[in-house]
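The structure appears right after this line, and notes come after that.
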Amino acid sequence: MPITTWGMTALCLVLAAALAAAAGRLWYLHRRLRYLEAVLEDILQGHMHHRALAHPSDPTARICYHCNALSIRYETQLARRQQAEEANRQMLVNLSHDVRTPLTTLLGYLDAVHRGLVTGAERENYIETARSKALDLKSYLDALFVWGKLNAGAEPLSLQRYDLAELTRGILKDWVPVWEEAGLHYAIELPEQYTPVKLDREGYARILNNLLGNVLSHSEATELKVLLCVQDGKALVSVKDNGVGIAPQDLPHIFERLYTADRSRRRGSGLGLEIAKKLTERMGGRISVSSIPRKETSFAVCWPLDSGW
């Protein structure tokens with residue numbers, strides 16, 4: 001059937017409208033892509049807060065959302081890197097101070113002995129003091145070495161089945177004379193029954209020693225309690241003291257690298273609690289802290305009981 005003139009005209013009008021709509025859509029997409037290009041260039045220049053805006057019905061909406069997600073991820077990673085760099089810078093500053101001070105004191109005592117400036121009992125006291133300073137320095141460098149290996153994932157752990165009560169008892173016996181010399185009243189509560197847990201023996205010893213060392217170095221406590229109990233299929237080791245405690249605003253940060261609530265009382269590496277946390281988590285455990293200043297501060301580490309053979 002032949003197409004009439006009116007039919008041809010209508011068809012041409014429809015085609016023209018379709019072409020105009022397509023051209024308009026292409027022009028809009030071109031404009032949106034130029035907009036996204038400008039946003040990405042702005043982000044690459046360091047303006048990471050810039051976000052690509054789009055209505056949910058916009059054909060470029062999904063691209064905008066992905067661009068924003070990448071921008072947020074990049075911003076987060078950059079912030080973490082900057083925090084790590086600042087923490088490393090602060091660690092180097094502290095390392096310089098904490099190594100130089102005991103080393104200078106150590107050399108001073110040894111130099112006095114070497115030059116014969118002290119004799120008799122005083123000479124022996126100088127030698128003993130120098131030995132104590134050397135041990136403090138070694139302890140600091142040991143902590144730094146372990147911390148470095150943990151952060152690099154190079155600290156090997158051998159998870160084996162142990163009786164946690166017996167393992168804890170063996171560690172605590174070496175602390176008893178230290179507590180007695182310091183005049184610290186202590187109580188130990190360990191169960192008689194077998195408490196099987198899978199962990200690294202040396203890693204657990206370092207965790208517990210770090211927590212106990214903190215009591216002597218930072219807490220100003222007069223009473224200490226170490227207890228082990230089994231709750232809900234988990235073995236829980238708690239170290240409690242009645243010292244100065246930790247302020248509420250400091251609790252969320254206490255396991256962070258080099259964090260010290262009161263620098264004036266700072267002794268040691270400042271890495272002990274972070275090392276304890278990393279070791280506990282690498283062994284599948286969990287560590288937590290609670291504190292009521294001047295009443296009770298409690299550090300608790302727990303692992304699931306190992307019921308398999």
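When a residue number appears, it is its place in the shown sequence, counting from 1.
Between the CD atom of E296 and the CZ atom of R294 there is a distance of 15.0 Å, given to the nearest 0.5 Å. From L305, atom CG reaches atom CD of Q231 across 11.0 Å, with rounding to the nearest 0.5 Å. Note that the OG atom of S290 and the CG atom of L251 stand 8.0 Å from one another [nearest 0.5 Å]. A distance of 11.0 Å separates NZ in K133 from OG1 in T104, rounded to the nearest 0.5 Å. In this structure, L216 CG and L224 CG are separated by 8.0 Å, a value rounded to the nearest 0.5 Å. Remark: E124 CD to T129 OG1 distance equals 11.0 Å, nearest 0.5 Å.
Contact check for I127 versus R123: side-chain heavy atoms found under the 4.5 Å cut-off. Between T280 and W303, some side-chain heavy-atom pair lies under the 4.5 Å cut-off. Side chains of Y204 and V237 form a contact here, defined as non-hydrogen atoms less than 4.5 Å apart. At least one side-chain heavy atom of L164 sits under 4.5 Å from a side-chain heavy atom of L199. Contact annotation: the side chain of I207 never approaches that of F299 to less than 4.5 Å [non-hydrogen atoms, C-beta and beyond]. Y109 places none of its side-chain heavy atoms less than 4.5 Å from the side chain of V118.
Residues L106 and A130 come closest through the heavy atom pair CD1-O, 3.0 Å. Smallest separation of non-hydrogen atoms from M283 and L159: CG-CD2, 3.6 Å. When all heavy atoms of V39 and R51 are compared, the closest pair comes out as CG1-C, 4.3 Å. Scanning both residues, A221 and V215, for their nearest heavy atoms gives CB-CG1, 4.3 Å. Considering every non-hydrogen atom in both Q249 and H253, the closest pair reads O-CD2, 3.4 Å. Taking every heavy atom of both residues into account, G203 and L279 meet most closely at O-CD1, 3.8 Å.
Within a 6.0 Å radius of CD in Q193, more than 12 heavy atoms belonging to other residues, nucleotides or ligands are found. In this structure, R62 places its CZ atom where only 12 or fewer heavy-atom neighbours from other residues, nucleotides or ligands lie under 6.0 Å away.
Remark: the backbone N or O of A205 is paired with a side-chain donor or acceptor of N209 at under 3.5 angstrom. Side chain of R161 to backbone of D306: a donor-acceptor contact under 3.5 angstrom is found. S291 places a side-chain N or O within donor-acceptor distance of the main-chain N or O of I246, the cut-off being under 3.5 Å. For the pair N210 (side chain) and G272 (backbone), a donor-acceptor distance under 3.5 Å is present. Side chain of D163 to main chain of T195: a donor-acceptor pair is present (N/O by atom type, distance under 3.5 Å, no hydrogens or angles). In terms of modelled atom types and a separation under 3.5 Å, the side chain of N242 and the main chain of E223 share a donor-acceptor contact.
At a threshold of 4.5 Å between side-chain heavy atoms, the hydrophobic network of Ile, Leu, Val, Met, Phe, Trp and Tyr places L273 and L236 in two separate groups. Residues L157 and I287 share a single hydrophobic cluster, defined by chaining ILVMFWY side chains whose heavy atoms lie under 4.5 Å apart. In the hydrophobic clustering of ILVMFWY residues, with side-chain heavy atoms under 4.5 Å counting as a link, L190 and L167 come out together. Residues V113 and L137 do not share a hydrophobic cluster, clusters being chains of Ile/Leu/Val/Met/Phe/Trp/Tyr side chains in contact below 4.5 Å. V178 and I171 end up in the same hydrophobic cluster when Ile, Leu, Val, Met, Phe, Trp and Tyr side chains are linked at under 4.5 Å.
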Checking salt bridge (charged side-chain N to carboxylate O under 4.0 Å, His left out) for the pair E274/K277: CA distance, chi angles, key distance, verdict? CA-CA 5 Å; E274 186 188 12; K277 184 174 187 293; over 6 Å; no
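For W175 and Y186, the gap between ring centers reaches or exceeds 6.0 Å.
One finds a salt bridge joining R131 and E128 here, because a Lys/Arg side-chain nitrogen approaches an Asp/Glu carboxylate oxygen to under 4.0 Å. A salt bridge does not link E202 to R206: none of the charged nitrogens lies less than 4.0 Å from a carboxylate oxygen.
Other members of the cluster containing I72 do not exist, because no ILVMFWY side chain is joined to it at under 4.5 Å.
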